[in-house]
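First the structure, in the form of structure tokens, and then the observations on it.
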Amino acid sequence: MSTQPARGMRDFLPDDVRRRQYVMGVIARVYEQYGFAPLETPAVENIETLLGKYGEEGDRLIFKILKRGEGAATGQADLALRYDLTVPLARVVAEYRATLPKFFKRYQMQPVWRADRPQKGRFREFYQCDVDAIGSHSVVVEVELLAAACDVLARLGFADFTVRLNHRKALSGMLQASGVPAALHGETLVALDKLDKIGPDGVTRELAERGVAPAAAAALIALFSDGAAGNDAILARLEAVVGGDEAGATGVRELRAILALAAGTRAAARLRLDPSLARGLSYYTGAIFEIAVPDLAGSLGGGGRYDDLIGMFGKQAVPACGISLGLERILVVMGERGMFPPDLALAAADVMVAVWSEARLADSVALAAELRAGGLRVEVYPEADKLGKQFKYASACGVPFVAVLGDDEAARGEVALKDMRTGVQRSVPRADAGREMVAARGQAQGE
RNA sequence: GUGGGUGUAGCUCAGGGGUAGAGCUCCGGACUGUGGCUCCGGCUGUCGCGGGUUCGAAUCCCGUCAUCCACCCCA
């Protein structure tokens, strides 16, 4: 029988968990600094909550749960594993709107599931770390979210990430003004997105195949090729192309406002206007973001404004905006670059109590209890064994101290303490052993 | 959904028609109150699975499954 975890799923061994907890701790602290409150929702949602929210591709990748009991024979699904944290949030807001604050700011770090094909930095179960602000149309929300995400990455040690920025309304304005019929917007964006892969000629060909007029194609390619230009230059160009299109003008105005408001935050140096950024999730309605580093094909995070999603739950339309960071992607890059603090690899115990003989077992367990009461993390070697083996085990585990309570020590009321890093051993009164090692640990951490 | 790489010991991998291998890990010993280093000895295999070719297949062929990578899409 195979002992591997199911496809695209992973086991997290202690070192993995420590790294994950470290990163999630940094993220939670930053989000709290911005005034966001924690939220958790169930892994499973009713299937109709999820279907129709993500677009065709997204719906296809939802893990569905077949009916149980008498319904099992029908092969129908009534439940599904959540595909992201945004749609469950929208459901929660629609359900509890009356009791939530006017501006509901929440963060959520939980696993989501996608029936995708696994790849580097891509798993079927992965954690998203979302921050969202509900209830305001103001672009202050966008700026605060962008600043928080940039603070997180900076605090984790990233110095080379960029945040691509675009706007759904600016995008549709561009297409509309270029004479692309609304029905072709989706396909046109897919083709334009390939610009850096198949080049202007390839995109021109593909657009022609899809029925886009040559003049419109040329105008769009010119606009989308402006990658190296500064934000101001792109903004000016966008304004010119979008022209009188009303939605487009709104989009460009909001992008301008976001860039202006962000000037006083850590996001300012990161934001790159990118007219080609589209994003596949269908619920976005306004600004859209994507966070990237050069050494990973996928993004570290993404997000945007979704003013219509909460209204889809049939109650009241509520504006909303959010950003999602991909924990696994961040961990993959941090691992490759060796960005974790060294003390994450520390042993699980400060001291191991060796067991001299069967007769001393009870006394050794008692000694461990005394040391724990003094604030130490203490492991007891679980059986009486040759001392050599016990030291070898302690050494392999990286435990910095071994306490030996042999017959000689016990007779004198002492404990032998060996510092495994220096090899120095001395006997101290049993009552002082805890204090000695707490002091030694403090010294080691001060180094 | 499309395309490519790889499946051999617990782990990392060699072997490409003729008896199944190495390093690491693990266990024991040198070392009966003391680890790391060294040395000696030992355990571990349906060579992913199924079929075919052959006197003979880990090796060649077909299929299948798993896994990794790329595309699509995404975090």
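What you are looking at is a predicted structure, and each value in this text was computed from that prediction instead of being measured. Each chain gets a letter, A, B and so on, in the order its sequence line appears, and its residues count up from 1.
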Just to be sure I understand the rule, does [X] reach a base, reach only the sugar-phosphate, or reach nothing, if contact means heavy atoms closer than 4.0 Å?
{"X": "A:Lys418", "result": "base"}
{"X": "A:Gly58", "result": "nothing"}
{"X": "A:Gln390", "result": "nothing"}
{"X": "A:Glu409", "result": "base"}
{"X": "A:Phe123", "result": "base"}
{"X": "A:Val402", "result": "nothing"}
{"X": "A:Gly298", "result": "base"}
{"X": "A:Asp84", "result": "nothing"}
{"X": "A:Leu300", "result": "sugar-phosphate"}

Open item on the list: Is any side-chain heavy atom of A:Glu370 closer than 4.5 Å to one of A:Leu367?
Closed with: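 Yes, at least one pair of side-chain atoms sits under 4.5 Å.
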
Open item on the list: Using side-chain heavy atoms (C-beta onward) and a distance below 4.5 Å, is A:Leu271 in contact with A:Leu146?
Closed with: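 Of all side-chain heavy-atom pairs linking A:Leu146 with A:Leu271, at least one is under 4.5 Å.
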
Counting heavy atoms from C-beta on, name the nucleotide in [options] closest to the side chain of [X].
{"X": "A:Leu387", "options": "B:G35, B:G33, B:A75", "value": "B:G33"}
{"X": "A:Phe126", "options": "B:C68, B:U34, B:A75", "value": "B:A75"}
{"X": "A:Glu57", "options": "B:A75, B:C72, B:A66", "value": "B:C72"}
{"X": "A:Arg117", "options": "B:G1, B:G35, B:A75", "value": "B:G1"}
{"X": "A:Arg114", "options": "B:A75, B:G33, B:G1", "value": "B:A75"}
{"X": "A:Arg329", "options": "B:G35, B:A75, B:C68", "value": "B:A75"}

Would you call [X] and [Y] a salt bridge, taking side-chain N to carboxylate O under 4.0 Å as the test?
{"X": "A:Arg10", "Y": "A:Glu328", "answer": "yes"}
{"X": "A:Asp15", "Y": "A:Arg18", "answer": "no"}
{"X": "A:Asp295", "Y": "A:Arg337", "answer": "yes"}
{"X": "A:Arg29", "Y": "A:Asp151", "answer": "no"}

[X]-[Y] side chain donor-acceptor pair, cut-off 3.5 Å:
{"X": "A:Arg106", "Y": "A:Gln108", "result": "yes"}
{"X": "A:Asp308", "Y": "A:Thr285", "result": "no"}
{"X": "A:Tyr83", "Y": "A:Glu45", "result": "no"}

Gap in Å between the two [atom1] atoms, one belonging to [N] and one to [M], rounded:
{"N": "B:U34", "M": "B:C68", "atom1": "C1'", "answer": "45 Å"}
{"N": "B:C65", "M": "B:G23", "atom1": "C1'", "answer": "30 Å"}
{"N": "B:G10", "M": "B:U46", "atom1": "P", "answer": "7 Å"}
{"N": "B:C55", "M": "B:G50", "atom1": "C1'", "answer": "23 Å"}
{"N": "B:A58", "M": "B:C26", "atom1": "C1'", "answer": "26 Å"}
{"N": "B:C61", "M": "B:G21", "atom1": "C1'", "answer": "26 Å"}
{"N": "B:A66", "M": "B:C47", "atom1": "C1'", "answer": "15 Å"}
{"N": "B:U59", "M": "B:G51", "atom1": "P", "answer": "13 Å"}

Open item on the list: Using heavy-atom distances to pick each residue's nearest nucleotide on RNA chain B, tell me which of A:Thr422 and A:Arg124 is more 5'.
Closed with: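 The 5'-side residue here is A:Thr422.
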
Open item on the list: Go nucleotide by nucleotide along RNA chain B from the 5' end; which of A:Tyr83 and A:Gly8 gets its closest nucleotide reached first?
Closed with: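 Its nucleotide being nearer the 5' end, the pick is A:Gly8.
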
TODO: Just jot down the side chain to side chain donor-acceptor pair (under 3.5 Å) partners of A:Tyr54, sequence neighbours excluded, or say none.
DONE: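 Counting only residues at least two positions away or on another chain, A:Tyr54 forms a side chain to side chain donor-acceptor pair (under 3.5 Å) with A:Asp84.
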
Rounded to the Å, how far apart are [X] [atom1] and [N] [atom2]?
{"X": "A:Lys392", "N": "B:G29", "atom1": "NZ", "atom2": "P", "value": "10 Å"}
{"X": "A:Ile27", "N": "B:A75", "atom1": "CD1", "atom2": "C1'", "value": "11 Å"}
{"X": "A:Asp295", "N": "B:C69", "atom1": "CG", "atom2": "P", "value": "15 Å"}
{"X": "A:Met9", "N": "B:C68", "atom1": "CE", "atom2": "P", "value": "12 Å"}
{"X": "A:Gln4", "N": "B:G7", "atom1": "CD", "atom2": "C1'", "value": "10 Å"}
{"X": "A:Glu336", "N": "B:C69", "atom1": "CD", "atom2": "P", "value": "10 Å"}
{"X": "A:Phe158", "N": "B:A75", "atom1": "CZ", "atom2": "C1'", "value": "13 Å"}
{"X": "A:Gln425", "N": "B:U34", "atom1": "CD", "atom2": "P", "value": "10 Å"}

Open item on the list: I need the A:His185 NE2 to A:Gln176 CD distance, nearest 0.5 Å.
Closed with: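 It comes to 4.5 Å.
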
Atom pairs and distances, donor-acceptor, side-chain atoms in residues 394-410 of chain A, under 3.5 Å, two or more places apart:
from, atom 1, to, atom 2, distance (Å)
A:Asp407, OD1, A:Arg360, NH1, 3.2
A:Asp407, OD2, A:Trp356, NE1, 3.2
A:Glu409, OE1, A:Gly406, N, 3.1

Tell me whether the OP1 or OP2 atom of [N] has a side-chain N or O from [X] closer than 4.0 Å.
{"X": "A:Gln119", "N": "B:C69", "result": "no"}
{"X": "A:Arg7", "N": "B:U67", "result": "yes"}
{"X": "A:Lys386", "N": "B:G29", "result": "yes"}

Open item on the list: Run the salt bridge (charged side-chain N to carboxylate O under 4.0 Å, His left out) test against A:Asp419 and tell me which residues pass, sequence neighbours left out.
Closed with: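 Salt bridge (charged side-chain N to carboxylate O under 4.0 Å, His left out) check on A:Asp419 returns A:Arg421.
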
Open item on the list: Pairs counted only when both distances fall under 3.5 Å, Watson-Crick or G-U: show me the 5' to 3' dot-bracket for RNA chain B, [ ] for pseudoknotted crossings and | for other-strand partners.
Closed with: ((((((((.[[[[.)..(..]]]].(((((.......))))).....[[[[[..)....]]]]])))))))....

Task: Parallel, tilted or perpendicular, as decided by the 30° and 60° cut-offs, for the rings of A:Phe158 and A:Phe161 - done: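 Rings of A:Phe161 and A:Phe158: perpendicular, over 60°.
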
Open item on the list: As a test of the definition: with a 90° window around 0 for syn, would you call B:G16 syn or anti?
Closed with: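 That one's syn.
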
Kindly give the atom pairs (protein nitrogen or oxygen, nucleotide nitrogen or oxygen) under 3.5 Å for nucleotides 39-44 of chain B.
none

Open item on the list: Are A:Tyr306 and A:Tyr283, when compared by the centres of their aromatic rings, separated by less than 6.0 Å?
Closed with: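 Yes, close enough.
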
- [ ] Mind running a 4.0 Å heavy-atom check of residues 338-370 of chain A against RNA chain B and sending the residues that fall below it, in number order?
- [x]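 Result for residues 338-370 of chain A: A:Trp356, sorted by number.
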
